[in-house]
Engineer: 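Structure incoming, see below.
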Amino acid sequence: MSTVGNPANIFWHENPVGKAEREKLLNQQGCVVWITGLSGSGKSTLACSLGRELQSKGKLSYVLDGDNLRHGLNKNLGFSPESRTENIRRTGEVANLFADAGLICIASLISPYRKDRDACRALLPDKKFIEVFMNMPLQLCEDRDPKGLYKLAREGKIKGFTGIDDPYEPPLNCEIEIQLKDGVVPTPHEMAGQVVSYMENEGFLEA
Ligand SMILES: Nc1ncnc2c1ncn2[C@@H]1O[C@H](COP(=O)(O)OS(=O)(=O)O)[C@@H](OP(=O)(O)O)[C@H]1O
Ligand SMILES: Nc1ncnc2c1ncn2[C@@H]1O[C@H](COP(=O)(O)OP(=O)(O)O)[C@@H](O)[C@H]1O
């Protein structure tokens with residue numbers, strides 16, 4: 001009989017060193033910064049800039065980038081709704097482990113479906129999931145098109161491309177929204193600064 005998804009006969013083993021002790025060692029609070037948005041909206045740019053900013057403040061972070069995860073952990077997944085859901089589920093579980101280790105885990109994935117992001121949020125204790133919405137216009141992302149994928153999608157050579165013929169569901173209650181200011185894109189440093197300010201105000205950067 002298959003035991004997949006059945007926790008029968010599986011027991012949780014407590015570790016004597018707890019999360020609070022690890023956080024004290026690192027002088028920070030383990031959490032997940034989840035960056036969601038269209039392809040080309042600047043998720044990876046923000047993730048890298050934020051990682052650098054935190055590093056310069058002596059804070060330990062680790063970036064889980066959707067593109068990179070699809071080279072390893074998620075290499076067997078495509079872009080059907082089911083595959084995307086599994087992609088986000090696995091990443092959410094890994095991010096939760098990093099947060100439990102005391103790290104600031106920065107996950108940057110399109111993560112287009114609200115229910116999948118909410119499921120990741122539900123894995124973490126209250127307030128430890130910081131959802132960042134890259135609220136950039138589709139036109140801007142399409143004009144950038146750094147990988148030429150929008151062009152291929154418009155030509156019908158890629159099917160089910162997010163924002164073109166696959167949906168993106170914007171967050172309803174995200175913690176942080178990155179958007180144009182007077183029609184101008186904030187610099188990577190400004191975007192990271194917005195997240196760092198939130199984390200400082202909420203006490204994440206001390207134990
Ligand atoms: N059909 C389709 N739709 C959207 N994106 C596509 C697709 N096919 C390939 N790509 C490239 O894959 C990157 C997105 O991977 P993610 O793991 O973040 O996607 S998802 O969260 O599972 O939707 C995404 O990277 P980013 O541009 O960095 O977002 C694309 O380069
Ligand atoms: N704040 C920004 N200012 C200027 N260029 C940006 C900014 N954010 C992203 N870009 C550029 O836009 C393109 C897409 O950004 P990227 O971070 O790869 O997006 P995503 O990870 O969401 O696909 C890249 O060429 C990047 O250099």
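Note that ligands are numbered from 1 as they come in the structure, with each ligand's atoms numbered from 1 the same way.
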Engineer: Within the 4.0 Å heavy-atom shell around Ser39, which atoms of ligand 1 are there?
Structural biologist: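 Going through ligand 1 atom by atom, the ones under 4.0 Å from Ser39 are 26 (P), 27 (O), 29 (O).
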Engineer: Is it true that Arg114 and Glu131 make a salt bridge, defined as a side-chain N closer than 4.0 Å to a carboxylate O?
Structural biologist: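 Looking at Glu131 together with Arg114, the answer is no, because their closest N to O distance does not fall below 4.0 Å.
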Engineer: Taking only Lys NZ, Arg NE, NH1 and NH2, and the carboxylate oxygens of Asp or Glu, determine whether Lys147 and Asp67 approach each other closer than 4.0 Å.
Structural biologist: yes
Engineer: Non-hydrogen atoms closer than 4.0 Å to ligand 2: which protein residues do they belong to? List them by chain and number, please.
Structural biologist: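 The 4.0 Å shell around ligand 2 contains Leu38, Ser39, Gly40, Ser41, Gly42, Lys43, Ser44, Thr45, Arg144, Pro146, Val185, Pro186, Thr187, Pro188, Met191.
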Engineer: Give the contacting part of Leu109 toward ligand 1: side chain, backbone, both or neither, where contact means a heavy-atom distance below 4.0 Å.
Structural biologist: both
Engineer: How far is atom 30 (C) of ligand 1 from its nearest protein heavy atom, and which residue and atom is that?
Structural biologist: Leu149 CD1, 3.5 Å
Engineer: Could you say whether the N/O atoms of Gly160 and ligand 1 ever approach to under 3.5 Å?
Structural biologist: yes
Engineer: State the atoms of ligand 1, each with its element, that fall below the 4.0 Å cut-off from a heavy-atom position in Pro112.
Structural biologist: 21 (O), 23 (O)
Engineer: Please identify which atoms of ligand 1 are closer than 4.0 Å to at least one heavy atom of Lys43.
Structural biologist: 29 (O)
Engineer: Charged N to carboxylate O below 4.0 Å: is that the case for Arg89 and Glu86?
Structural biologist: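 Yes, charged N to carboxylate O under 4.0 Å.
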Engineer: Just to confirm my output: which protein heavy-atom neighbour is closest to atom 10 (N) of ligand 1, and how far is it?
Structural biologist: Phe79 CZ, 3.4 Å
Engineer: Would you tell me which option among Ile164, Ile158, Ile110 has the nearest heavy-atom contact to atom 14 (C) of ligand 1?
Structural biologist: Ile110
Engineer: Tell me whether Asn173 at atom CG has more than 12 heavy atoms from other residues, nucleotides or ligands lying less than 6.0 Å away.
Structural biologist: no
Engineer: Looking only at side-chain N and O atoms, does Glu206 offer a donor or acceptor that is under 3.5 Å from a partner on Asn27?
Structural biologist: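 No, no side-chain donor-acceptor contact under 3.5 Å.
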Engineer: What residue and atom, counting heavy atoms only, is the protein's closest point to atom 23 (O) of ligand 1, and at what distance?
Structural biologist: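 That would be Arg84 NH1, 2.9 Å.
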Engineer: Using a heavy-atom cut-off of under 4.0 Å, does the side chain or the backbone of Ile88 touch ligand 1, or both, or neither?
Structural biologist: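 Ile88 to ligand 1: side-chain contact only, backbone stays beyond 4.0 Å.
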Engineer: Polar contacts were defined as any N/O atom of the residue lying under 3.5 Å from an N/O atom of the ligand; does this apply to Ser44 and ligand 1?
Structural biologist: no
Engineer: Checking Asp166 against Tyr113: is there a side-chain donor and acceptor pair closer than 3.5 Å?
Structural biologist: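 Judged by distance alone, the side chains do pair up.
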Engineer: Give the residue and atom name of whichever protein heavy atom lies nearest to atom 22 (O) of ligand 1, and the separation in Å to one decimal.
Structural biologist: Asn87 ND2, 2.7 Å
Engineer: Do the ring planes of Phe98 and Tyr62 sit parallel (below 30°), tilted (30 to 60°) or perpendicular (above 60°)?
Structural biologist: parallel
Engineer: Can you tell me the protein heavy atom closest to atom 21 (O) of ligand 1 and the distance?
Structural biologist: Ser111 N, 2.8 Å
Engineer: Can you tell which part of Asp67 has a heavy atom less than 4.0 Å from ligand 1: side chain, backbone, both or neither?
Structural biologist: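 Side chain only; the backbone of Asp67 stays clear of ligand 1.
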Engineer: To check your reading of the model: name the closest protein heavy atom to atom 26 (P) of ligand 1, its residue, and the distance in Å.
Structural biologist: Lys147 NZ, 3.2 Å
Engineer: Quick test: of every protein heavy atom, which one is nearest to atom 2 (C) of ligand 1, and how far off is it to 0.1 Å?
Structural biologist: Phe161 CD1, 3.4 Å
Engineer: Testing the 3.5 Å rule here: is there a donor-acceptor pair between the side chains of Arg84 and Ser111?
Structural biologist: no
Engineer: How long is the gap from CZ on Arg121 to CG on Asp116, to the nearest 0.5 Å?
Structural biologist: 13.5 Å
Engineer: When you check the gap from the basic side-chain N to the acidic O, do Glu142 and Lys151 get nearer than 4.0 Å?
Structural biologist: no
Engineer: Would you mind running through ligand 1 and noting each atom that sits below 4.0 Å from a heavy atom of Thr162?
Structural biologist: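 Listed by number with element, the hits are 3 (N), 4 (C).
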